[in-house]
Amino acid sequence: PITARGVPYTDKAYTFRLHPSSARALKDLKLDAVFLSNNHLMDYGHAGMEDTIVYLDNNNIRHAGGGKNISDARRPILIKHDNISICILSYCDRPPSDFYASDEKPGIAPLDLDKIKDDIAIWKNPGTIVILSLHWGIEHTHEPQYYQKKMAREIIDAGADAIIGHHPHWPQGIEIYCGKPVVYSLGNFVNGFTNAIERDNIAVVMYYANSALERIKIIPIAGKNSVIKYQPYILTGPGASALLNLVRVLSGKLNTDIDITPAYGLIDLGQQDAQIGKRDEQPSRKPL
């Protein structure tokens, strides 16, 4: 939350907020949109969430995932680019459940599979790319849970074009399912604490030709605050190679092939389809 007021939520180990004077850095990043549905937006109550939304609105940063009721929290970010529409939805499945919005209560959008399918059905049209932000998974782990993989496939089957995950604080693998990417966790990008188990992280760039995804670039990001002093940058050299190779191994467990260059990882969707075809000629793999 971006706020100087509110009362901290007492029934959790960590509560965070950012003073509005420090949040000015968000404008320097030239962000188009942010996801609000996570397990900290309501750390300072409804007041903290309201201040956050007002701050973002005043700085022309679009947002999804939080609001004055559940309908408001489920409202997507809509971005128009040439003849393509981009619809971005944001949901969270991490506690506390007190943070979840209802018909009568402000809060964040819960990761409710039925509601997500309904939302996709409303917004998915020809020429529309539907991207979901999911705050899910287990902290400080490099592999997604079984329930995440199962849920991701149901969401893609319902019409989503991409899933971007976060919460574990560590990067995880990328799965390509029916030609659609599931980035299970980016890790952190900018965060305000230091610990002994922090990791470097990834940014992901998705390249579309109209509404068809052609390739995905994985960019290694320095994330160990004890070293970088809260100033993330693009990794190069051995650090980049180590991180990209880790993501390649983790993605390989999800049947995704990543080509590694000295600067970034690359998933070519055309090549990926060819590899899937080769796998299909082999004995079937164990299902999820």
Pairwise distance [atom1]([X]) to [atom2]([Y]) - rounded to 0.5 angstrom:
| X | Y | atom1 | atom2 | value |
| --- | --- | --- | --- | --- |
| L31 | N60 | CG | CG | 12.0 Å |
| I202 | K217 | CD1 | NZ | 14.0 Å |
| I79 | S85 | CD1 | OG | 10.0 Å |
| Y147 | D93 | OH | CG | 3.5 Å |
| I129 | K180 | CD1 | NZ | 8.5 Å |
| I61 | Y55 | CD1 | OH | 7.0 Å |

Heavy-atom closest pair, residues [X] and [Y]:
| X | Y | value |
| --- | --- | --- |
| A240 | P220 | CB-CG, 3.8 Å |
| G48 | P1 | O-CB, 3.9 Å |
| D161 | P181 | O-CD, 3.3 Å |
| H135 | S37 | CB-O, 3.4 Å |
| I197 | W170 | O-NE1, 2.9 Å |
| A64 | S90 | O-CB, 3.3 Å |

Are side-chain heavy atoms of [X] and [Y] found at a separation under 4.5 Å?
| X | Y | result |
| --- | --- | --- |
| I216 | L266 | no |
| L134 | L111 | yes |
| H142 | P171 | yes |
| Q148 | Y184 | yes |
| M49 | T3 | no |
| N38 | I108 | no |
| I2 | L26 | yes |
| L246 | L250 | yes |

State, without any angle test, whether [X] and [Y] hold a side-chain donor-acceptor pair at a distance under 3.5 Å.
| X | Y | answer |
| --- | --- | --- |
| Y91 | D119 | yes |
| K105 | H46 | no |
| H63 | D57 | yes |

(message) For the aromatic rings, using the six-membered ring if either is Trp, is the centroid distance between W136 and H167 under 6.0 Å?
(response)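 Distance test on ring centres: not under 6.0 Å, no.
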(request) May I ask you to decide if the ring planes of Y14 and F16 are parallel, tilted or perpendicular, using 30° and 60° as cut-offs? (result) parallel
(request) Report the relative orientation of the aromatic rings in F99 and Y9; use parallel for angles under 30°, tilted for 30 to 60°, perpendicular for over 60°. (result)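 Taking Y9 first and then F99, their aromatic rings stand perpendicular (interplane angle over 60°).
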(request) Begin from the C-alpha positions of E198 and N195 and carry the test side-chain contact (heavy atoms from CB on, under 4.5 Å) through to its verdict. (result) CA-CA 6 Å; E198 59 196 0; N195 62 41; 3.5 Å; yes
Whether over 12 other heavy atoms sit under 6.0 Å from [X] [atom1]:
| X | atom1 | value |
| --- | --- | --- |
| I234 | CD1 | no |
| K117 | NZ | yes |
| R5 | CZ | yes |

Output yes when a side-chain donor or acceptor of [X] lies under 3.5 Å from a complementary backbone atom of [Y], and no otherwise.
| X | Y | result |
| --- | --- | --- |
| N39 | R94 | no |
| S185 | Q172 | no |
| N201 | R199 | yes |
| T256 | I176 | yes |
| N69 | D72 | yes |

With a 4.5 Å cut-off on side-chain heavy-atom distances among I, L, V, M, F, W and Y, is there a chain of contacts connecting [X] to [Y]?
| X | Y | value |
| --- | --- | --- |
| L18 | V190 | no |
| I116 | M151 | yes |
| Y207 | L269 | no |
| L78 | I122 | yes |
| L186 | I221 | no |

(request) Report the C-alpha distance between Y177 and D157 in whole Å, list the side-chain angles of each, state the deciding distance to 0.1 Å, and finish with yes or no for side-chain hydrogen bond (donor to acceptor under 3.5 Å, both in side chains). (result) CA-CA 9 Å; Y177 173 68; D157 287 339; 2.9 Å; yes
(message) My understanding is that only one of I218, I164, I163, V247 makes a side chain to side chain contact (heavy atoms under 4.5 Å, CB included) with V183; could you say which?
(response) I164
(request) Would you please test I88 and I86 for side-chain contact (heavy atoms from CB on, under 4.5 Å) and show each step? (result) CA-CA 6 Å; I88 306 172; I86 302 169; 4.0 Å; yes
(request) Going by the side chain to side chain donor-acceptor pair (under 3.5 Å) test, name the single residue among K224, H169, H166 that passes it with N188. (result)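 Output: one option passes, namely H169.
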(message) So, applying side chain to side chain donor-acceptor pair (under 3.5 Å) with E175, which one of R153, K253, K149 is it?
(response) R153
(message) Taking R215 first and then D268, would you say they form a salt bridge - that is, a charged N and a carboxylate O separated by under 4.0 Å?
(response) no
(request) Start with the C-alpha distance between D43 and K12, add both sets of side-chain angles, then the distance that settles side-chain contact (heavy atoms from CB on, under 4.5 Å), and finish with yes or no. (result) CA-CA 9 Å; D43 277 359; K12 62 186 303 193; 2.6 Å; yes
(message) side-chain contact (heavy atoms from CB on, under 4.5 Å) for D259 and R248? Distances and angles first, verdict last.
(response) CA-CA 8 Å; D259 294 323; R248 178 169 61 180; over 6 Å; no
